Asks: 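Have a look at the structure that comes next, please.
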There are 2 protein chains.
Amino acid sequence: MAAKRTGARSKQPRRQSETLQPEQEPRGEPPLSRERIIATAVELLDAQGVDGLTMRRLADRLGSGVMSLYWHVDNKEDVFDLALDSVLEYRGPPQTGESRDWRAEVVHMLDDWRGGMLRHPWSASLLPRRALGPNILGRLELLSKTLAKAGVADADLNVAIWSLWNYVMGATITRASFDLSDDDRAAAQQRLERLGESYPTIERSRLLLDDDWEGTFRKGLGLLLDGLSSRYDP
Amino acid sequence: MAAKRTGARSKQPRRQSETLQPEQEPRGEPPLSRERIIATAVELLDAQGVDGLTMRRLADRLGSGVMSLYWHVDNKEDVFDLALDSVLEYRGPPQTGESRDWRAEVVHMLDDWRGGMLRHPWSASLLPRRALGPNILGRLELLSKTLAKAGVADADLNVAIWSLWNYVMGATITRASFDLSDDDRAAAQQRLERLGESYPTIERSRLLLDDDWEGTFRKGLGLLLDGLSSRYDP
DNA sequence: GATTGACTCGTACGGCGTACCATACGATGG
DNA sequence: CCATCGTATGGTACGCCGTACGAGTCAATC
(Lines give C-alpha, C1' and ligand atoms only; values in the text may rest on other atoms or scores of the structure.)
Protein backbone atom coordinates (compact mmCIF):
# COMPACT_ATOMS: atom_id res chain seq x y z
CA MET A 1 0.00 0.00 0.00
CA ALA A 2 1.76 3.09 -1.25
CA ALA A 3 1.66 5.95 1.19
CA LYS A 4 -0.53 8.63 -0.29
CA ARG A 5 0.01 10.82 2.73
CA THR A 6 0.70 14.49 2.39
CA GLY A 7 3.95 16.39 2.74
CA ALA A 8 5.41 15.62 6.16
CA ARG A 9 8.39 17.61 5.06
CA SER A 10 11.38 16.07 6.81
CA LYS A 11 12.86 18.40 9.40
CA GLN A 12 16.58 18.09 9.16
CA PRO A 13 18.16 17.10 12.45
CA ARG A 14 19.40 20.39 13.84
CA ARG A 15 22.90 19.74 12.42
CA GLN A 16 23.14 22.77 10.16
CA SER A 17 26.78 23.80 10.31
CA GLU A 18 29.34 22.74 12.84
CA THR A 19 31.55 25.75 12.24
CA LEU A 20 28.79 28.15 13.36
CA GLN A 21 28.17 27.50 17.01
CA PRO A 22 24.48 27.20 17.86
CA GLU A 23 24.25 30.69 19.47
CA GLN A 24 21.29 30.42 21.79
CA GLU A 25 18.16 30.17 19.66
CA PRO A 26 18.71 31.41 16.12
CA ARG A 27 15.57 29.84 14.82
CA GLY A 28 15.75 26.35 16.19
CA GLU A 29 12.73 27.04 18.47
CA PRO A 30 13.19 27.33 22.22
CA PRO A 31 12.59 24.05 24.02
CA LEU A 32 9.08 22.94 24.81
CA SER A 33 7.63 23.92 28.12
CA ARG A 34 4.24 24.01 29.74
CA GLU A 35 4.27 27.80 29.57
CA ARG A 36 5.17 27.97 25.90
CA ILE A 37 2.53 25.39 25.06
CA ILE A 38 -0.16 27.35 26.87
CA ALA A 39 0.86 30.66 25.34
CA THR A 40 0.78 29.14 21.88
CA ALA A 41 -2.54 27.48 22.59
CA VAL A 42 -4.00 30.87 23.47
CA GLU A 43 -2.65 32.32 20.23
CA LEU A 44 -4.18 29.49 18.29
CA LEU A 45 -7.50 29.78 20.08
CA ASP A 46 -7.59 33.51 19.45
CA ALA A 47 -6.86 32.96 15.79
CA GLN A 48 -9.00 29.94 15.04
CA GLY A 49 -11.55 29.50 17.82
CA VAL A 50 -12.29 26.49 19.95
CA ASP A 51 -12.60 24.05 17.09
CA GLY A 52 -9.40 25.40 15.59
CA LEU A 53 -7.30 24.08 18.43
CA THR A 54 -6.05 20.59 17.69
CA MET A 55 -3.04 18.92 19.13
CA ARG A 56 -1.54 18.56 15.69
CA ARG A 57 -1.87 22.22 14.83
CA LEU A 58 -0.56 23.19 18.22
CA ALA A 59 2.50 21.01 17.71
CA ASP A 60 3.00 22.47 14.25
CA ARG A 61 3.06 25.99 15.64
CA LEU A 62 5.52 24.93 18.27
CA GLY A 63 7.72 23.21 15.74
CA SER A 64 7.52 19.96 17.63
CA GLY A 65 6.06 16.53 17.24
CA VAL A 66 2.52 15.98 18.43
CA MET A 67 3.31 13.45 21.08
CA SER A 68 5.94 15.63 22.67
CA LEU A 69 3.15 17.82 24.00
CA TYR A 70 1.94 14.98 26.15
CA TRP A 71 5.10 15.08 28.21
CA HIS A 72 4.09 18.53 29.46
CA VAL A 73 0.30 18.33 29.59
CA ASP A 74 -2.04 15.49 30.43
CA ASN A 75 -4.38 15.77 27.48
CA LYS A 76 -6.31 18.27 25.44
CA GLU A 77 -8.70 19.11 28.25
CA ASP A 78 -5.73 20.05 30.35
CA VAL A 79 -4.64 22.48 27.63
CA PHE A 80 -8.08 24.08 27.75
CA ASP A 81 -8.01 24.41 31.53
CA LEU A 82 -4.60 26.01 31.55
CA ALA A 83 -5.28 28.35 28.64
CA LEU A 84 -8.53 29.42 30.27
CA ASP A 85 -7.01 30.18 33.62
CA SER A 86 -4.16 32.08 32.01
CA VAL A 87 -6.68 34.49 30.55
CA LEU A 88 -8.54 35.20 33.78
CA GLU A 89 -5.79 36.83 35.83
CA TYR A 90 -6.77 39.95 37.76
CA ARG A 91 -4.29 42.63 38.71
CA GLY A 92 -6.67 44.60 40.92
CA PRO A 93 -8.08 48.09 40.76
CA PRO A 94 -5.85 50.83 39.35
CA GLN A 95 -5.73 53.27 42.28
CA THR A 96 -4.97 53.15 45.96
CA GLY A 97 -6.71 50.39 47.79
CA GLU A 98 -8.93 52.28 50.16
CA SER A 99 -10.50 55.33 48.62
CA ARG A 100 -13.14 53.81 46.38
CA ASP A 101 -16.66 52.76 47.23
CA TRP A 102 -17.70 49.16 46.97
CA ARG A 103 -19.81 49.73 43.90
CA ALA A 104 -16.96 51.15 41.84
CA GLU A 105 -14.73 48.33 42.98
CA VAL A 106 -17.24 45.69 41.94
CA VAL A 107 -17.92 47.31 38.60
CA HIS A 108 -14.22 47.58 37.86
CA MET A 109 -13.52 43.95 38.56
CA LEU A 110 -16.52 42.69 36.60
CA ASP A 111 -15.75 44.97 33.70
CA ASP A 112 -12.17 43.78 33.61
CA TRP A 113 -13.33 40.18 33.81
CA ARG A 114 -15.68 40.66 30.90
CA GLY A 115 -13.01 42.53 28.96
CA GLY A 116 -10.50 39.73 29.38
CA MET A 117 -12.97 37.17 28.16
CA LEU A 118 -13.96 39.25 25.17
CA ARG A 119 -10.35 39.66 24.18
CA HIS A 120 -10.33 35.86 23.95
CA PRO A 121 -13.83 35.08 22.74
CA TRP A 122 -13.43 31.32 23.09
CA SER A 123 -12.95 31.67 26.83
CA ALA A 124 -16.38 32.73 28.00
CA SER A 125 -18.31 29.70 26.84
CA LEU A 126 -15.51 27.46 28.05
CA LEU A 127 -15.49 28.75 31.60
CA PRO A 128 -18.71 27.20 32.94
CA ARG A 129 -17.81 23.77 31.64
CA ARG A 130 -14.42 23.51 33.26
CA ALA A 131 -13.42 23.27 36.88
CA LEU A 132 -12.84 26.64 38.49
CA GLY A 133 -9.17 27.58 38.27
CA PRO A 134 -7.24 29.67 40.81
CA ASN A 135 -7.67 32.96 38.96
CA ILE A 136 -11.43 32.81 38.75
CA LEU A 137 -11.61 31.69 42.36
CA GLY A 138 -9.51 34.73 43.24
CA ARG A 139 -12.03 36.96 41.54
CA LEU A 140 -14.90 35.33 43.42
CA GLU A 141 -13.03 35.77 46.67
CA LEU A 142 -12.44 39.44 45.98
CA LEU A 143 -16.07 39.95 45.03
CA SER A 144 -17.16 38.17 48.15
CA LYS A 145 -14.91 40.24 50.36
CA THR A 146 -15.98 43.52 48.80
CA LEU A 147 -19.67 42.80 49.19
CA ALA A 148 -19.25 41.59 52.74
CA LYS A 149 -17.37 44.76 53.62
CA ALA A 150 -20.17 46.75 51.99
CA GLY A 151 -22.62 45.33 54.47
CA VAL A 152 -24.31 42.49 52.64
CA ALA A 153 -25.45 39.99 55.23
CA ASP A 154 -23.88 36.54 55.18
CA ALA A 155 -27.22 34.98 54.37
CA ASP A 156 -27.60 37.07 51.25
CA LEU A 157 -24.00 36.96 50.11
CA ASN A 158 -24.28 33.92 47.92
CA VAL A 159 -27.36 35.20 46.15
CA ALA A 160 -25.59 38.46 45.40
CA ILE A 161 -22.44 36.77 44.13
CA TRP A 162 -24.21 34.25 41.97
CA SER A 163 -26.48 36.91 40.53
CA LEU A 164 -23.51 38.96 39.45
CA TRP A 165 -21.77 35.86 38.14
CA ASN A 166 -24.86 34.87 36.18
CA TYR A 167 -25.25 38.28 34.68
CA VAL A 168 -21.62 38.65 33.65
CA MET A 169 -21.40 35.15 32.23
CA GLY A 170 -24.63 35.48 30.32
CA ALA A 171 -23.71 38.84 28.89
CA THR A 172 -20.22 37.78 27.91
CA ILE A 173 -21.09 34.44 26.41
CA THR A 174 -23.84 36.06 24.38
CA ARG A 175 -21.65 38.88 23.21
CA ALA A 176 -18.73 36.61 22.35
CA SER A 177 -20.97 34.30 20.34
CA PHE A 178 -22.63 37.08 18.38
CA ASP A 179 -19.23 38.52 17.77
CA LEU A 180 -18.04 35.39 16.08
CA SER A 181 -20.78 35.48 13.50
CA ASP A 182 -21.90 38.86 12.33
CA ASP A 183 -23.86 37.20 9.57
CA ASP A 184 -26.06 35.56 12.17
CA ARG A 185 -27.43 38.96 12.93
CA ALA A 186 -27.96 39.75 9.28
CA ALA A 187 -29.70 36.41 8.91
CA ALA A 188 -31.80 37.06 11.99
CA GLN A 189 -32.77 40.47 10.69
CA GLN A 190 -33.81 38.99 7.37
CA ARG A 191 -35.83 36.32 9.07
CA LEU A 192 -37.46 38.95 11.18
CA GLU A 193 -38.34 40.97 8.15
CA ARG A 194 -39.72 37.99 6.31
CA LEU A 195 -41.77 36.99 9.34
CA GLY A 196 -42.41 40.57 10.32
CA GLU A 197 -45.91 39.87 11.51
CA SER A 198 -44.74 37.19 13.94
CA TYR A 199 -42.35 39.35 15.90
CA PRO A 200 -43.54 42.95 15.63
CA THR A 201 -42.22 44.20 18.96
CA ILE A 202 -38.66 42.97 18.78
CA GLU A 203 -38.51 44.04 15.19
CA ARG A 204 -39.62 47.53 16.07
CA SER A 205 -37.12 47.85 18.90
CA ARG A 206 -34.38 46.50 16.65
CA LEU A 207 -33.38 44.22 19.49
CA LEU A 208 -31.08 42.05 17.46
CA LEU A 209 -29.33 44.94 15.80
CA ASP A 210 -28.43 46.72 18.99
CA ASP A 211 -24.73 47.46 18.76
CA ASP A 212 -24.09 49.12 22.08
CA TRP A 213 -22.98 46.03 23.97
CA GLU A 214 -20.80 47.96 26.34
CA GLY A 215 -23.53 50.40 27.28
CA THR A 216 -26.15 47.70 27.59
CA PHE A 217 -23.87 45.68 29.83
CA ARG A 218 -23.20 48.62 32.12
CA LYS A 219 -26.81 49.66 32.35
CA GLY A 220 -28.00 46.15 33.08
CA LEU A 221 -25.32 45.77 35.71
CA GLY A 222 -26.57 49.04 37.12
CA LEU A 223 -30.08 47.62 37.37
CA LEU A 224 -28.79 44.63 39.27
CA LEU A 225 -26.69 46.70 41.64
CA ASP A 226 -29.66 49.00 42.16
CA GLY A 227 -31.62 45.99 43.27
CA LEU A 228 -28.82 45.08 45.63
CA SER A 229 -28.41 48.60 47.01
CA SER A 230 -32.06 49.20 47.61
CA ARG A 231 -32.06 46.14 49.77
CA TYR A 232 -28.81 46.47 51.64
CA ASP A 233 -27.87 50.11 51.92
CA PRO A 234 -31.00 52.20 51.39
CA MET B 1 -14.45 -7.69 0.17
CA ALA B 2 -16.23 -9.41 2.98
CA ALA B 3 -18.09 -6.94 5.13
CA LYS B 4 -16.50 -6.93 8.57
CA ARG B 5 -18.91 -4.36 9.86
CA THR B 6 -21.08 -5.03 12.86
CA GLY B 7 -24.63 -6.23 12.84
CA ALA B 8 -26.46 -4.18 10.27
CA ARG B 9 -29.14 -6.76 10.63
CA SER B 10 -30.64 -6.90 7.19
CA LYS B 11 -34.04 -5.31 7.20
CA GLN B 12 -36.13 -7.48 5.01
CA PRO B 13 -37.87 -5.36 2.45
CA ARG B 14 -41.25 -4.97 4.11
CA ARG B 15 -42.52 -7.83 2.00
CA GLN B 16 -43.14 -10.24 4.85
CA SER B 17 -46.33 -12.05 3.97
CA GLU B 18 -48.86 -11.06 1.42
CA THR B 19 -51.67 -12.82 3.20
CA LEU B 20 -51.14 -10.82 6.39
CA GLN B 21 -51.57 -7.19 5.57
CA PRO B 22 -48.74 -5.09 6.88
CA GLU B 23 -50.61 -3.71 9.94
CA GLN B 24 -49.00 -0.38 10.57
CA GLU B 25 -45.57 -0.78 12.16
CA PRO B 26 -45.09 -4.10 13.92
CA ARG B 27 -41.40 -3.67 14.73
CA GLY B 28 -39.73 -2.87 11.42
CA GLU B 29 -38.92 0.67 12.61
CA PRO B 30 -41.13 3.47 11.35
CA PRO B 31 -39.67 5.22 8.32
CA LEU B 32 -37.06 7.88 8.77
CA SER B 33 -38.29 11.43 9.01
CA ARG B 34 -36.96 14.76 10.11
CA GLU B 35 -39.19 14.64 13.19
CA ARG B 36 -38.12 11.17 14.24
CA ILE B 37 -34.47 12.07 13.76
CA ILE B 38 -34.80 15.15 15.94
CA ALA B 39 -36.70 13.34 18.66
CA THR B 40 -34.07 10.62 18.75
CA ALA B 41 -31.28 13.19 18.76
CA VAL B 42 -32.83 14.80 21.82
CA GLU B 43 -33.00 11.40 23.53
CA LEU B 44 -29.39 10.76 22.72
CA LEU B 45 -28.31 14.21 23.88
CA ASP B 46 -30.20 13.78 27.13
CA ALA B 47 -28.56 10.42 27.70
CA GLN B 48 -25.02 11.13 26.58
CA GLY B 49 -24.47 14.87 26.43
CA VAL B 50 -23.23 17.02 23.58
CA ASP B 51 -20.17 14.92 22.84
CA GLY B 52 -22.30 11.79 22.94
CA LEU B 53 -24.22 12.76 19.85
CA THR B 54 -22.56 11.39 16.76
CA MET B 55 -24.16 10.72 13.44
CA ARG B 56 -23.23 7.04 13.69
CA ARG B 57 -24.82 6.60 17.10
CA LEU B 58 -27.87 8.51 15.98
CA ALA B 59 -28.27 6.25 12.97
CA ASP B 60 -27.79 3.19 15.18
CA ARG B 61 -30.63 4.27 17.45
CA LEU B 62 -32.82 4.88 14.45
CA GLY B 63 -31.97 1.52 12.96
CA SER B 64 -30.80 3.13 9.76
CA GLY B 65 -27.60 3.68 7.86
CA VAL B 66 -25.60 6.75 8.69
CA MET B 67 -25.84 8.39 5.34
CA SER B 68 -29.59 8.06 5.21
CA LEU B 69 -29.78 10.81 7.79
CA TYR B 70 -28.34 13.26 5.33
CA TRP B 71 -31.38 13.01 3.13
CA HIS B 72 -33.44 14.62 5.90
CA VAL B 73 -30.95 17.00 7.50
CA ASP B 74 -28.16 19.08 6.06
CA ASN B 75 -25.43 18.14 8.49
CA LYS B 76 -24.71 17.70 12.16
CA GLU B 77 -25.06 21.40 12.93
CA ASP B 78 -28.53 21.25 11.49
CA VAL B 79 -29.37 18.46 13.91
CA PHE B 80 -28.21 20.64 16.78
CA ASP B 81 -30.27 23.60 15.62
CA LEU B 82 -33.42 21.56 15.26
CA ALA B 83 -32.99 19.68 18.53
CA LEU B 84 -32.35 22.94 20.33
CA ASP B 85 -35.40 24.68 18.96
CA SER B 86 -37.59 21.68 19.72
CA VAL B 87 -36.74 22.08 23.38
CA LEU B 88 -37.53 25.76 23.65
CA GLU B 89 -41.24 25.75 22.88
CA TYR B 90 -43.44 27.87 25.12
CA ARG B 91 -47.08 27.17 25.70
CA GLY B 92 -47.84 30.37 27.59
CA PRO B 93 -48.99 31.11 31.12
CA PRO B 94 -51.40 28.68 32.74
CA GLN B 95 -54.36 30.95 33.55
CA THR B 96 -56.53 33.40 31.70
CA GLY B 97 -54.62 35.91 29.65
CA GLU B 98 -55.47 39.16 31.34
CA SER B 99 -55.60 38.92 35.08
CA ARG B 100 -51.93 38.68 36.01
CA ASP B 101 -49.46 41.46 36.56
CA TRP B 102 -46.48 41.87 34.29
CA ARG B 103 -44.01 40.69 36.88
CA ALA B 104 -45.70 37.34 37.41
CA GLU B 105 -45.96 36.88 33.67
CA VAL B 106 -42.27 37.57 33.17
CA VAL B 107 -41.21 35.32 36.02
CA HIS B 108 -43.37 32.49 34.73
CA MET B 109 -41.95 32.61 31.24
CA LEU B 110 -38.35 32.86 32.40
CA ASP B 111 -38.81 30.09 34.91
CA ASP B 112 -40.34 27.86 32.29
CA TRP B 113 -37.52 28.70 29.91
CA ARG B 114 -34.91 27.81 32.49
CA GLY B 115 -36.81 24.65 33.40
CA GLY B 116 -36.90 23.47 29.83
CA MET B 117 -33.20 23.97 29.41
CA LEU B 118 -32.39 22.20 32.66
CA ARG B 119 -34.47 19.22 31.60
CA HIS B 120 -32.06 19.03 28.66
CA PRO B 121 -28.79 20.18 30.15
CA TRP B 122 -26.93 20.21 26.84
CA SER B 123 -29.25 22.88 25.52
CA ALA B 124 -28.28 25.90 27.56
CA SER B 125 -24.66 26.14 26.50
CA LEU B 126 -25.66 25.40 22.93
CA LEU B 127 -28.17 28.22 22.64
CA PRO B 128 -25.84 31.20 22.45
CA ARG B 129 -23.71 29.64 19.76
CA ARG B 130 -26.48 28.88 17.33
CA ALA B 131 -28.72 31.14 15.35
CA LEU B 132 -31.90 32.09 17.15
CA GLY B 133 -34.68 29.71 16.22
CA PRO B 134 -38.39 30.56 16.05
CA ASN B 135 -39.22 29.35 19.54
CA ILE B 136 -36.64 31.46 21.30
CA LEU B 137 -37.59 34.44 19.17
CA GLY B 138 -41.16 33.89 20.25
CA ARG B 139 -40.11 34.07 23.87
CA LEU B 140 -38.21 37.28 23.26
CA GLU B 141 -41.22 38.74 21.50
CA LEU B 142 -43.47 37.85 24.40
CA LEU B 143 -41.02 39.29 26.91
CA SER B 144 -40.75 42.42 24.86
CA LYS B 145 -44.50 42.83 24.61
CA THR B 146 -45.06 42.27 28.30
CA LEU B 147 -42.46 44.80 29.36
CA ALA B 148 -43.70 47.36 26.88
CA LYS B 149 -47.22 46.95 28.18
CA ALA B 150 -45.88 47.35 31.71
CA GLY B 151 -44.64 50.80 30.86
CA VAL B 152 -40.98 50.35 30.06
CA ALA B 153 -39.99 53.10 27.65
CA ASP B 154 -38.89 52.09 24.19
CA ALA B 155 -35.42 53.48 24.83
CA ASP B 156 -34.94 51.20 27.83
CA LEU B 157 -36.61 48.13 26.45
CA ASN B 158 -33.54 46.54 24.96
CA VAL B 159 -31.53 47.00 28.12
CA ALA B 160 -34.24 45.33 30.14
CA ILE B 161 -34.62 42.41 27.76
CA TRP B 162 -30.93 41.75 27.40
CA SER B 163 -30.42 42.00 31.13
CA LEU B 164 -33.02 39.35 31.73
CA TRP B 165 -31.60 37.24 28.91
CA ASN B 166 -28.11 37.54 30.34
CA TYR B 167 -29.21 36.60 33.79
CA VAL B 168 -31.24 33.59 32.73
CA MET B 169 -28.59 32.31 30.35
CA GLY B 170 -25.80 32.74 32.87
CA ALA B 171 -27.75 31.06 35.63
CA THR B 172 -28.85 28.17 33.48
CA ILE B 173 -25.55 27.50 31.79
CA THR B 174 -23.82 27.54 35.14
CA ARG B 175 -26.36 25.29 36.74
CA ALA B 176 -26.40 22.82 33.88
CA SER B 177 -22.63 22.57 33.85
CA PHE B 178 -22.33 22.02 37.57
CA ASP B 179 -25.06 19.47 37.28
CA LEU B 180 -23.11 17.41 34.86
CA SER B 181 -20.19 17.01 37.22
CA ASP B 182 -20.98 16.76 40.87
CA ASP B 183 -17.42 15.76 41.51
CA ASP B 184 -16.27 19.14 40.28
CA ARG B 185 -17.81 20.60 43.37
CA ALA B 186 -16.20 18.03 45.61
CA ALA B 187 -12.90 18.77 43.92
CA ALA B 188 -13.44 22.49 44.30
CA GLN B 189 -14.26 22.05 47.94
CA GLN B 190 -11.11 20.04 48.50
CA ARG B 191 -9.02 22.61 46.70
CA LEU B 192 -10.60 25.30 48.81
CA GLU B 193 -9.79 23.41 51.95
CA ARG B 194 -6.23 22.78 50.93
CA LEU B 195 -5.78 26.41 50.01
CA GLY B 196 -8.03 27.59 52.79
CA GLU B 197 -5.96 30.65 53.48
CA SER B 198 -6.23 31.87 49.90
CA TYR B 199 -10.00 32.00 49.76
CA PRO B 200 -11.29 32.52 53.29
CA THR B 201 -14.47 34.38 52.44
CA ILE B 202 -15.91 32.08 49.82
CA GLU B 203 -14.93 29.12 51.94
CA ARG B 204 -16.75 30.52 54.91
CA SER B 205 -19.89 31.26 52.92
CA ARG B 206 -19.73 27.80 51.34
CA LEU B 207 -20.35 29.46 48.00
CA LEU B 208 -19.52 26.43 45.92
CA LEU B 209 -21.59 24.07 48.01
CA ASP B 210 -24.76 26.08 47.81
CA ASP B 211 -27.45 23.65 46.70
CA ASP B 212 -30.45 25.92 46.50
CA TRP B 213 -30.20 26.72 42.82
CA GLU B 214 -33.88 27.32 42.45
CA GLY B 215 -34.09 29.72 45.34
CA THR B 216 -30.94 31.56 44.34
CA PHE B 217 -32.23 31.93 40.81
CA ARG B 218 -35.54 33.36 41.97
CA LYS B 219 -34.00 35.75 44.45
CA GLY B 220 -31.46 37.04 41.96
CA LEU B 221 -34.19 37.50 39.40
CA GLY B 222 -36.05 39.40 42.08
CA LEU B 223 -33.08 41.70 42.53
CA LEU B 224 -33.01 42.42 38.84
CA LEU B 225 -36.74 43.05 38.61
CA ASP B 226 -36.50 45.28 41.67
CA GLY B 227 -33.95 47.34 39.80
CA LEU B 228 -36.32 47.50 36.85
CA SER B 229 -39.37 48.37 38.93
CA SER B 230 -37.71 51.08 40.95
CA ARG B 231 -36.90 52.77 37.70
CA TYR B 232 -40.04 52.28 35.70
CA ASP B 233 -42.96 51.99 38.04
CA PRO B 234 -42.00 53.55 41.37
C1' DG C 1 -41.56 -1.85 -19.99
C1' DA C 2 -38.99 2.51 -19.41
C1' DT C 3 -38.32 6.57 -16.77
C1' DT C 4 -38.25 9.31 -12.86
C1' DG C 5 -37.91 10.92 -8.26
C1' DA C 6 -37.79 9.86 -3.36
C1' DC C 7 -35.16 7.58 -0.33
C1' DT C 8 -31.47 4.27 1.68
C1' DC C 9 -26.82 3.12 2.57
C1' DG C 10 -21.78 0.93 1.78
C1' DT C 11 -17.39 2.60 0.99
C1' DA C 12 -13.82 5.62 1.48
C1' DC C 13 -11.18 9.90 2.72
C1' DG C 14 -9.03 13.05 5.59
C1' DG C 15 -8.73 14.52 10.25
C1' DC C 16 -8.97 13.84 15.18
C1' DG C 17 -7.03 12.39 20.26
C1' DT C 18 -3.80 9.65 22.12
C1' DA C 19 -1.55 4.71 23.49
C1' DC C 20 2.55 2.55 22.77
C1' DC C 21 7.21 2.29 21.84
C1' DA C 22 11.82 3.57 20.06
C1' DT C 23 15.02 6.91 20.44
C1' DA C 24 18.33 10.68 21.94
C1' DC C 25 20.95 12.90 25.37
C1' DG C 26 22.89 14.78 29.70
C1' DA C 27 23.98 13.48 34.37
C1' DT C 28 25.49 10.07 37.52
C1' DG C 29 28.43 6.60 39.52
C1' DG C 30 30.91 2.27 39.12
C1' DC D 1 35.16 4.58 29.91
C1' DC D 2 31.17 2.46 29.98
C1' DA D 3 26.52 1.35 32.07
C1' DT D 4 22.48 3.16 33.76
C1' DC D 5 18.84 6.24 34.31
C1' DG D 6 15.70 10.27 34.16
C1' DT D 7 14.14 13.70 30.93
C1' DA D 8 12.39 14.75 26.73
C1' DT D 9 11.13 13.95 21.79
C1' DG D 10 8.42 12.06 18.24
C1' DG D 11 6.88 8.16 14.57
C1' DT D 12 3.44 4.86 13.92
C1' DA D 13 -0.92 3.10 14.48
C1' DC D 14 -5.75 2.48 16.29
C1' DG D 15 -10.37 3.62 16.63
C1' DC D 16 -13.42 7.23 16.15
C1' DC D 17 -15.40 11.22 13.73
C1' DG D 18 -18.20 14.01 9.71
C1' DT D 19 -19.51 13.51 5.31
C1' DA D 20 -18.69 13.22 -0.27
C1' DC D 21 -19.78 10.10 -3.71
C1' DG D 22 -22.31 7.06 -6.13
C1' DA D 23 -24.83 2.70 -6.41
C1' DG D 24 -28.91 0.67 -5.08
C1' DT D 25 -34.29 -0.06 -4.12
C1' DC D 26 -38.97 0.90 -4.90
C1' DA D 27 -43.50 3.24 -6.08
C1' DA D 28 -45.64 6.16 -9.19
C1' DT D 29 -46.08 7.67 -13.81
C1' DC D 30 -46.04 7.56 -18.71
Side-chain angles (χ1 to χ4, degrees), chain A residues 1-16 18 22 25 28-38 40-41 44-45 48-83, chain B residues 1-16 18 21-22 25 28-37 40-41 44-45 48-83:
Chain A
M1 30 292 290
K4 190 191 269 264
R5 299 252 83 165
T6 73
R9 54 226 231 285
S10 61
K11 43 183 55 176
Q12 72 262 43
R14 194 56 41 95
R15 213 55 321 222
Q16 49 190 22
E18 44 269 290
E25 291 304 341
E29 309 284 358
L32 275 183
S33 73
R34 209 177 164 86
E35 289 70 31
R36 205 162 78 86
I37 290 175
I38 300 167
T40 308
L44 195 51
L45 284 164
Q48 318 244 42
V50 192
D51 294 338
L53 177 67
T54 73
M55 298 304 270
R56 285 171 225 261
R57 276 208 268 262
L58 186 50
D60 260 19
R61 275 212 182 202
L62 289 160
S64 79
V66 190
M67 292 317 290
S68 308
L69 304 180
Y70 288 88
W71 180 261
H72 303 273
V73 299
D74 289 347
N75 48 45
K76 196 185 175 182
E77 290 208 336
D78 199 18
V79 176
F80 275 127
D81 284 347
L82 295 166
Chain B
M1 307 63 225
K4 188 190 273 257
R5 296 256 81 165
T6 74
R9 57 238 227 276
S10 62
K11 41 185 54 176
Q12 70 263 42
R14 196 55 41 98
R15 203 75 302 235
Q16 48 191 16
E18 42 269 287
Q21 82 276 23
E25 290 304 341
E29 307 282 0
L32 232 39
S33 74
R34 207 178 165 86
E35 289 69 31
R36 205 162 78 85
I37 290 175
T40 309
L44 195 50
L45 284 163
Q48 318 244 41
V50 193
D51 295 338
L53 177 67
T54 73
M55 297 304 269
R56 285 171 225 261
R57 277 208 268 261
L58 185 50
D60 260 19
R61 276 213 181 201
L62 288 160
S64 80
V66 191
M67 293 314 292
S68 309
L69 304 180
Y70 287 89
W71 179 261
H72 303 274
V73 299
D74 288 347
N75 47 45
K76 196 185 176 183
E77 290 209 335
D78 200 18
V79 176
F80 274 127
D81 284 347
L82 295 167

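What you see is a predicted model; the values in this text were computed from it and never measured. Below, chains carry the letters A, B, ... as their sequence lines are ordered, and counting in each starts from 1.
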Asks: Rounded to whole Å, how long is the line connecting atom CZ of B:Arg34 with atom P of C:dT8?
Replies: 14 Å
Asks: Can you measure B:Leu62 atom CG to C:dC7 atom C1' for me and round it to whole angstrom units?
Replies: 15 Å
Asks: Check whether any side-chain N or O of B:Arg56 sits under 3.5 Å from a backbone N or O of B:Val66 as a donor-acceptor pair, and report yes or no.
Replies: no
Asks: Would you say the base of D:dG18 and the side-chain of B:Arg56 have a donor-acceptor pair closer than 3.5 Å?
Replies: yes
Asks: Taking side chain to side chain contact (heavy atoms under 4.5 Å, CB included) as the criterion, tell me which of A:Ile38, A:Thr40, A:Leu58 meets it with A:Val79.
Replies: A:Leu58
Asks: Distance check needed: C:dC16 P versus A:Gln48 CD, whole Å only.
Replies: 11 Å
Asks: Roughly how many Å is it from CG in A:Asp51 to C1' in D:dG18, rounded to a whole number?
Replies: 12 Å
Asks: Going by side chain to side chain contact (heavy atoms under 4.5 Å, CB included), name the residues that satisfy it together with B:Gln48, two or more places apart in sequence or in a different chain.
Replies: B:Leu44, B:Arg57
Asks: In whole angstrom, what separates A:Leu53's CG from C:dG15's C1'?
Replies: 14 Å
Asks: Pair B:Leu62, B:Leu69 - check side chain to side chain contact (heavy atoms under 4.5 Å, CB included), show working.
Replies: CA-CA 9 Å; B:Leu62 288 160; B:Leu69 304 180; 3.7 Å; yes
Asks: Output the distance between atom CG (A:Leu32) and atom OG (A:Ser64), rounded to the nearest 0.5 Å.
Replies: 4.5 Å
Asks: Tell me every residue that passes salt bridge (Lys or Arg N to Asp or Glu O under 4.0 Å) with A:Glu77, counting only those two or more places apart in sequence or in another chain.
Replies: A:Arg130
Asks: Looking at DNA chain C, which of residues 67-80 of chain B put a heavy atom within less than 4.0 Å of it?
Replies: B:Met67, B:Ser68, B:Trp71, B:His72
